[in-house]
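Down below is the structure, laid out as structure tokens.
In the text below, chain A, chain B and the rest are named by the order of the sequence lines, each starting its count at 1.
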Amino acid sequence: NAGVTQTPKFQVLKTGQSMTLQCAQDMNHEYMSWYRQDPGMGLRLIHYSVGAGITDQGEVPNGYNVSRSTTEDFPLRLLSAAPSQTSVYFCASKILWEGDTGELFFGEGSRLTVL
Amino acid sequence: SQQGEEDPQALSIQEGENATMNCSYKTSINNLQWYRQNSGRGLVHLILIRSNEREKHSGRLRVTLDTSKKSSSLLITASRAADTASYFCATDGTASKLTFGTGTRLQVTL
């Protein structure tokens, strides 16, 4: 199993550009989420999904869109990048229903710089 | 806003010593988890303790939970250089959202 795979690992954008961070998991997890990690701030939840076709906002959703068309994929879209979105982004997934141990499985992160 | 806050922010010890880090949180929880993050990597789950448990062990890890004080501690015994990492507590107050603290950076020197 590859686990949670994020692409790209590094990206530099100019202010106003758009891009999509990709996240895929091969563990058949119902729950998927996106966090951003900033120095001194810990991890903050951006958006999450409890299954295909179902998404909801987290703590810091502004400036980001998500969709969940399949169980495996949960892309994060930045429609018009801003310097404040410079951060390291983590995708994480877990079992949600039967067998839920609470454990989140994380990808290796995507480091985004917005100039 | 952050649910959890770790203390200390940074900790430096020598190999073989014990490392203790603390987590305080604000609202009622179902469970509390601890994660580890090596530099430049994703987080890895270490241990989960439920709200009706007071102490849990896993290898060299010991976790305590005091729901009356809304606090938890993580003890790593006989630390090794390979334990150098950041450690985060995370609380699950609602079914789908896991909220992380700000982390403790642990440095274990030879």
Side-chain angles (χ1 to χ4, degrees), chain A residues 2-7 9-10 21 23 25 27 29-51 54-61 66 68 74 88-111, chain B residues 1-10 21-27 29-53 56 58 61 63 65 72 74 85-105:
Chain A
V4 180
T5 303
Q6 291 184 232
T7 56
K9 286 184 169 38
F10 301 93
L21 299 177
C23 176
Q25 54 91 10
M27 297 173 283
H29 287 171
E30 298 94 345
Y31 180 87
M32 297 186 73
S33 57
W34 278 101
Y35 287 86
R36 59 177 289 173
Q37 184 176 31
D38 303 291
M41 301 289 290
L43 281 84
R44 292 180 291 170
L45 182 64
I46 305 171
H47 285 285
Y48 67 99
S49 168
V50 298
I54 307 170
T55 64
D56 205 348
Q57 296 181 350
E59 182 184 357
V60 288
V66 292
R68 184 95 179 268
F74 191 45
V88 181
Y89 292 85
F90 287 97
C91 180
S93 71
K94 69 169 185 168
I95 297 169
L96 190 57
W97 309 118
E98 186 174 342
D100 181 10
T101 63
E103 176 181 355
L104 268 179
F105 293 81
F106 281 82
E108 290 297 295
S110 297
R111 184 176 296 274
Chain B
S1 62
Q2 297 299 128
Q3 162 73 311
E5 190 165 324
E6 285 87 344
D7 171 61
Q9 290 187 338
M21 51 204 86
N22 305 295
C23 168
S24 59
Y25 56 92
K26 299 175 184 175
T27 62
I29 62 171
N30 296 318
N31 62 63
L32 185 143
Q33 302 180 43
W34 285 91
Y35 285 79
R36 164 193 171 129
Q37 183 181 34
N38 285 36
S39 181
R41 306 296 297 275
L43 280 74
V44 175
H45 180 262
L46 292 176
I47 193 167
L48 177 150
I49 185 166
R50 302 198 183 279
S51 59
N52 61 353
E53 297 175 315
K56 199 163 183 179
S58 177
L61 304 180
V63 171
L65 179 64
S72 173
L74 172 67
S86 291
Y87 293 82
F88 294 87
C89 67
T91 53
D92 186 7
T94 58
S96 302
K97 300 181 185 180
L98 203 60
T99 305
F100 286 82
T102 51
T104 293
R105 293 188 311 279

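Residues passing the ring-ring contact (aromatic ring centres under 6.0 Å, His included) test with A:Tyr89 are A:Tyr64, sequence neighbours excluded. The salt bridge (Lys or Arg N to Asp or Glu O under 4.0 Å) test applied to B:Arg36 returns B:Asp83, not counting sequence neighbours.
With a 4.5 angstrom heavy-atom cutoff, B:Leu43 touches chain A via backbone and side-chain atoms both. Of the two parts of A:Gln6, neither the backbone nor the side chain holds a non-hydrogen atom closer than 4.5 Å to a non-hydrogen atom of chain B. Only the side chain of B:Gln37 has a heavy atom closer than 4.5 Å to any heavy atom of chain A.
When the shell of 6.0 Å around CD of B:Glu53 is examined, it contains more than 12 heavy atoms from other residues, nucleotides or ligands.
B:Phe100 and A:Phe106 have perpendicular rings, their planes meeting at more than 60° on a 0 to 90° scale where under 30° would count as parallel.
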